[in-house]
Amino acid sequence: VDESRRVAPGDEMATAFQSNVPGLQVDAIRAARLLPPESVGRWITAGLNSDDEGVRYAAVETGLALRIEQAWKTASLMATQHTPAAGRYLKLLALFGTPEEQEAIYAALRVPELQASAIWALGHIGNVRAADACVSGMQHEATARACGEAYCWITGADLERDTLSVKETPEDAPAFEDDGRGVAEAPPR
């Protein structure tokens, strides 16, 4: 039987957070957005210091919603780590960061594991520099499509309507007889 369902109403959030079950902690932290910051400040602080990435990110989101300064510091720090976990924090810097803080997004463009997240973030920065970075990224096959989409978010361009897209044509496959391998011969008997 799920123990969190046996507690008195009002205590279930504390029980969920204290359970040390990451999924329950995330739910409790997200629900804490509806409470006064002074009621949940210790949960947010504990969540920001959690080893579990999901719990930490939920604490950052809730902390930002409640205007807890440490949540922004954690988001900024995590975005500069250049680990795969940094990707989700880049969007927060794009949406809420200063130009100085957003430098982490431009730096992340050089980290292969973070490129997709950084390009998404560029689309939400929405300034001339971000658009220029998208144009530069369109020169590389691996990032061209994502950079084109981000460029459209920034400028309002429509790649099809404005004839800015490159027509993709699949390579013709050689006929079976012409592929150079031929039909394998049956082994001698």
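Residue indices begin at 1 and follow the sequence shown. None of the values given here were measured: they were computed from a predicted structure.
Residues that satisfy the salt bridge (charged side-chain N to carboxylate O under 4.0 Å, His left out) test with Glu101, not counting sequence neighbours, are absent from this structure. For the salt bridge (charged side-chain N to carboxylate O under 4.0 Å, His left out) test, no residue two or more places apart in sequence or in another chain qualifies with Glu100.
Here Arg145 does not pair with Glu149 in a salt bridge; the nearest charged N to carboxylate O distance is not below 4.0 Å.
Without hydrogens or angle criteria, Ser50 side chain to Val55 main chain gives no donor-acceptor distance under 3.5 Å. Gln115 places no side-chain N or O within 3.5 Å of a backbone atom of Val111 that could act as its donor or acceptor partner. With hydrogens and angles disregarded, a donor-acceptor distance shorter than 3.5 Å links the side chain of Thr143 to the backbone of Gly137. Looking at Gln102, its side chain does come within 3.5 Å of a backbone N or O of Gly97 through a donor-acceptor pair. When atom types are taken as modelled, the side chain of Thr80 and the backbone of Leu77 share a donor-acceptor pair closer than 3.5 angstrom. In this structure, Thr45 contributes its side chain and Arg42 its backbone to no donor-acceptor pair below 3.5 Å.
Put simply, Trp153 and Leu90 are part of two different groups of oily side chains (I, L, V, M, F, W, Y) that touch within less than 4.5 Å, one to the next. Trp43 and Leu34 are assigned to two separate hydrophobic clusters, defined by single-linkage of ILVMFWY side chains at heavy-atom distances under 4.5 Å. In the hydrophobic clustering of this structure, Ile154 does not group with Phe96; members are Ile, Leu, Val, Met, Phe, Trp, Tyr whose side-chain heavy atoms approach within less than 4.5 Å, directly or through other members.
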Q: For Ser76 and Leu93, run side-chain contact (heavy atoms from CB on, under 4.5 Å): C-alpha distance rounded to whole Å, both residues' side-chain angles, the deciding distance at 0.1 Å, then the answer.
A: CA-CA 7 Å; Ser76 298; Leu93 289 185; 3.8 Å; yes
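Taking the side chain as every heavy atom from C-beta outward, Val60 and Tyr89 approach each other to under 4.5 Å. The closest side-chain heavy-atom distance from Gln25 to Gln18 is not below 4.5 Å. Side chains of Leu122 and Leu109 form a contact here, defined as non-hydrogen atoms less than 4.5 Å apart. By the 4.5 Å heavy-atom criterion applied to side chains, Arg88 and Glu53 are counted as neighbours.
A pairwise comparison of heavy atoms in His82 and Ala108 identifies NE2-N, 4.3 Å as the closest pair. For the pair Arg161 and Gly156, the tightest heavy-atom approach, listed with the atom from each and the gap, is NH2-O, 3.6 Å. Closest non-hydrogen pair, Thr62 versus Arg30, comes out as OG1-CA, 3.7 Å. The heavy-atom pair separating Ser19 from Ala16 by the smallest distance is OG-O, 2.6 Å. Contact record, Ala79 with Ala104: O-CB, 4.3 Å, taken as the closest heavy-atom pair.
Remark: Thr83 OG1 to Leu114 CG distance equals 7.0 Å, nearest 0.5 Å. Atoms CD1 and CZ, from Ile44 and Arg33 in turn, are 9.0 Å apart once rounded to the nearest 0.5 Å. Here Thr74 contributes atom OG1 and Leu92 contributes atom CG; the two are 11.5 Å apart, rounded to the nearest 0.5 Å. Of the inter-residue distances, the one linking Phe17 atom CZ with Ile29 atom CD1 reads 4.5 Å to the nearest 0.5 angstrom.
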Without placing hydrogens or testing angles, list every side-chain donor-acceptor pair under 3.5 Å for residues 123-135, not counting sequence neighbours.
unit_1	atom_1	unit_2	atom_2	d
His124	ND1	Trp120	O	3.0
Asn127	OD1	Arg129	N	3.3
Asn127	OD1	Ala130	N	2.8
Arg129	NH1	Glu103	OE1	3.4
Arg129	NH1	Glu103	OE2	2.4
Arg129	NH2	Glu103	OE1	3.3

